[in-house]
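For the single chain, residues carry numbers from 1 onward in sequence order.
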Amino acid sequence: IMFIKTQISMLCFFLLFPTVFICSFMVAAPIFGYLGDRFNRKVILSCGIFFWSIVTLLSSFIGKEYYWLFVLSRGLVGIGESSYSSISPTIIGDLFTNNSRTMMLSVFYLAIPLGSGLGYILGASAKVAAGDWHWALRVSPLLGMTAGTLILLFVPDPKRGSADQMGGRIRTRTSWLCDMKALAKNRSYVFSSLASAAVSFATGAFGMWIPLYLVRAQIVQKTAEACTKEICSSTDSLIFGAITCVTGLLGVVIGAATTRLCRQKTERADPLVCAVSMLGSAIFICLIFVVAKKSIVGAYVCIFIGETLLFLNWAITADILMFVVIPTRRATAVAFQSFTSHLLGDAGSPYLIGLISDALQQSYTTSALWRFLSLGYALMLCPFIIVLGGMFFLATALFFLDDRDKAEEQKTQTITPQTHTTTNKKNNTNTQN
C-alpha cells in the first residue's frame with residue numbers, strides 16, 4: 001500500500017506540477033506579448049525574472065500540508081517565465097539583422113538546452129545530496145536574480161525596428177486585433193508555429209518518459225531491479241540531462257552554421273534546414289525503440305543523434321519569425337507561437353503518452369516486459385508527430401519568400417509622422433498660392 005501511495009505521489013509531482021506551470025505560461029504569454037510591443041521591454045523582462053526567482057525560492061519552504069499553495073507557486077513561476085520568453089528574442093531582433101541576428105539568436109537559444117540539462121543535473125544532485133527534493137528549488141533563484149540585475153543594468157532596449165530600418169521610424173503601431181489578423185494571414189508564421197508545436201510535443205514527452213523507459217529497459221535486460229523506495233537512483237535522469245545539454249548546444253550551433261552556408265545556395269534555406277533536420281530526427285528516434293531492448297548504449301547513441309537534429313531548428317524558427325513579421329508585432333508573434341507550441345505540444349504530450357501506455361498495459365499482462373514495451377509503443381507517437389512537423393516546415397518554405405517580401409514592404413512603405421506633417425504643410429501652402 002505504501003508503495004502504491006508513493007507512486008501516486010510521484011505521478012502527481014511529475015505530471016500535475018509541470019502542467020500547471022505550462023498552462024499558466026500559456027495564459028500569460030499573450031499578455032506579455034501585448035506589453036512587449038508597447039512598453040519598456042527591459043523593465044518587463046527584469047521584473048519577470050525577479051518574480052519567478054523569488055517565487056521559486058519561497059516555494060521550497062512550503063510544507064506538505066499546504067500542497068495547494070505549492071501548486072499555485074508553480075503557476076506563478078510560469079507567469080514570470082513567460083515574460084522572458086516572449087520579449088527576449090524581440091530585443092535581439094532589434095539589435096541585429098541577417099546572419100548576425102541568426103548567430104545572436106543561436107547564442108541566446110543555447111540557454112534552453114543548457115538550462116534544461118543543468119536543471120536535470122543540479123536538481124537531481126541537490127535532491128540526492130540533501131536527501132530532500134526541496135533543495136532542488138534552491139539552486140537557481142540566486143542565479144536568476146543575478147541575471148535579472150545584469151539585464152536591468154547593462155542590456156539596452158533599442159527602438160523597435162532600429163536594426164531593420166537603419167535608424168528610421170517604423171509605421172504607426174496597430175491595434176492588438178489588427179496584429180492578430182495579420183499573423184493569422186501570415187502563412188509562414190502559422191506553419192512554422194505548428195512545426196514548433198511538434199518539436200515541443202516530442203521534447204515534452206521525452207523529458208517526462210525517456211528516463212523511465214530506459215530504466216524499464218534495464219529491468220528487462222536484468223541489469224537493474226525495480227525501485228520500491230521513495231527516493232530512487234537518478235542515474236538515468238543525470239545521463240539524459242547531460243545528453244540533452246550537449247545535444248542542445250550542438251544542435252543550435254550546427255543549425256546556425258548550416259543555415260548560414262545554405263543561404264548562399266537558396267533563399268529558402270531557413271525552413272528547408274528545419275524540415276530536413278526534423279525528418280532525420282524522426283528516423284533516429286524510431287531506432288531508440290528498436291535497439292533499447294538489447295542495448296542501452298545503442299539507445300543513448302540514437303537519443304544523442306535524434307535530439308541533436310531535433311534541436312537544430314530552435315534558433316532558426318525564431319529567425320524565420322523575425323524575417324516574416326514586422327518589428328512592432330514581434331513580441332505578440334513570439335508570445336502566440338509559444339502559446340501554440342505549448343498548447344499543442346508539451347502541455348498535453350506527457351499525459352497522452354501516459355494514457356496510451358496505461359491503456360496498453362491494461363489490455364494485456366502487467367509483466368516487466370510489457371510495461372517496457374507498452375511505454376515504447378506509446379512513445380512511438382513522437383516520431384510521427386516529428387514527421388508532421390517536418391511537413392509543416394516544408395509548407396513554410398513554400399510561402400517564406402512571399403511573406404518575407406510583404407514584411408519588408410510594410411517596414412519601408414510608411415514614412416515618419418514628421419514627414420507626413422511637412423508634406424501636408426507644403427501641400428496646403430501650394431493650394432493657398
*Asks:* Where is the tightest heavy-atom contact between A205 and S349, given as atom of each residue plus distance?
*Replies:*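 Reported closest heavy-atom pair: N-OG, 3.4 Å.
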*Asks:* Among all residues two or more places apart in sequence or in another chain, which pass the ring-ring contact (aromatic ring centres under 6.0 Å, His included) test with F284?
*Replies:*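 Counting only residues at least two positions away or on another chain, F284 forms no ring-ring contact (aromatic ring centres under 6.0 Å, His included).
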*Asks:* For T317, enumerate each residue passing the side-chain hydrogen bond (donor to acceptor under 3.5 Å, both in side chains) test, keeping only those at least two apart in sequence or located in another chain.
*Replies:*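 side-chain hydrogen bond (donor to acceptor under 3.5 Å, both in side chains) list for T317, sorted by chain: empty.
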*Asks:* Classify the ring geometry of F191 against F399: parallel below 30°, tilted from 30° to 60°, perpendicular beyond 60°.
*Replies:*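 Parallel.
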*Asks:* Return the set of residues passing ring-ring contact (aromatic ring centres under 6.0 Å, His included) with F336 (not counting sequence neighbours), or none when no residue passes.
*Replies:*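 Testing F336 for ring-ring contact (aromatic ring centres under 6.0 Å, His included), a comparison that skips the adjacent residues, returns none.
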*Asks:* Tell me whether the count of non-hydrogen atoms from other residues, nucleotides or ligands lying under 6.0 Å of CG in L343 goes above 12.
*Replies:*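 Buried by this count: over 12 neighbours within 6.0 Å.
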*Asks:* L150: what forms a side-chain contact (heavy atoms from CB on, under 4.5 Å) with it, not counting sequence neighbours?
*Replies:*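 In terms of side-chain contact (heavy atoms from CB on, under 4.5 Å), with neighbours along the sequence ignored, L150 is linked to T146, F154.
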*Asks:* Under 3.5 Å, which donor-acceptor pairs do the side chains of residues 377-393 form with other protein atoms, sequence neighbours left out?
*Replies:*
none

*Asks:* Tell me, please, which residues at least two apart from V291 pass side-chain contact (heavy atoms from CB on, under 4.5 Å).
*Replies:*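 Once residues adjacent in sequence are excluded, the partners of V291 under the side-chain contact (heavy atoms from CB on, under 4.5 Å) criterion are A299, C302.
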*Asks:* Quick one: CD on E267 to CG on D405, what's the gap to the nearest 0.5 Å?
*Replies:*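 The distance works out to 8.0 Å.
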*Asks:* Please list all pairs meeting ring-ring contact (aromatic ring centres under 6.0 Å, His included) that have one or both residues in residues 243-266, counting only residues at least two apart or in different chains.
*Replies:*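 Applying ring-ring contact (aromatic ring centres under 6.0 Å, His included) to every pair that reaches into residues 243-266, excluding sequence neighbours, yields nothing.
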*Asks:* Can you list the residues that meet the side-chain contact (heavy atoms from CB on, under 4.5 Å) rule with V273, with sequence neighbours excluded?
*Replies:*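 For V273 the side-chain contact (heavy atoms from CB on, under 4.5 Å) partners, ignoring immediate neighbours, are T258, T259, C262, L312, I316.
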*Asks:* Which residues satisfy the side-chain hydrogen bond (donor to acceptor under 3.5 Å, both in side chains) test with N186, sequence neighbours excluded?
*Replies:*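 Expected list: none.
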*Asks:* For the pair M278 and V199, evaluate side-chain contact (heavy atoms from CB on, under 4.5 Å) and give the outcome as yes or no after the intermediate values.
*Replies:* CA-CA 8 Å; M278 290 279 281; V199 176; 3.5 Å; yes
*Asks:* Could I get the full list of side-chain hydrogen bond (donor to acceptor under 3.5 Å, both in side chains) partners for S188, not counting sequence neighbours?
*Replies:*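 Residues passing side-chain hydrogen bond (donor to acceptor under 3.5 Å, both in side chains) with S188: D403.
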*Asks:* For E307, run the side chain to side chain contact (heavy atoms under 4.5 Å, CB included) check against L250, I285, T247, I210 and tell me which one passes.
*Replies:*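 Going through the options one by one, the only one that passes is T247.
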*Asks:* Going by the rule side-chain contact (heavy atoms from CB on, under 4.5 Å), which residues pair with F372 if we only count those two or more places apart in sequence or in a different chain?
*Replies:*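 Once residues adjacent in sequence are excluded, the partners of F372 under the side-chain contact (heavy atoms from CB on, under 4.5 Å) criterion are Y213, R216, A217, V220, A292, K293, L369.
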*Asks:* Of all residues at least two apart in sequence or in a different chain, which pass the side-chain hydrogen bond (donor to acceptor under 3.5 Å, both in side chains) check with D270?
*Replies:*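 Partners of D270 by the side-chain hydrogen bond (donor to acceptor under 3.5 Å, both in side chains) criterion, ordered by chain and then number, come out as R263.
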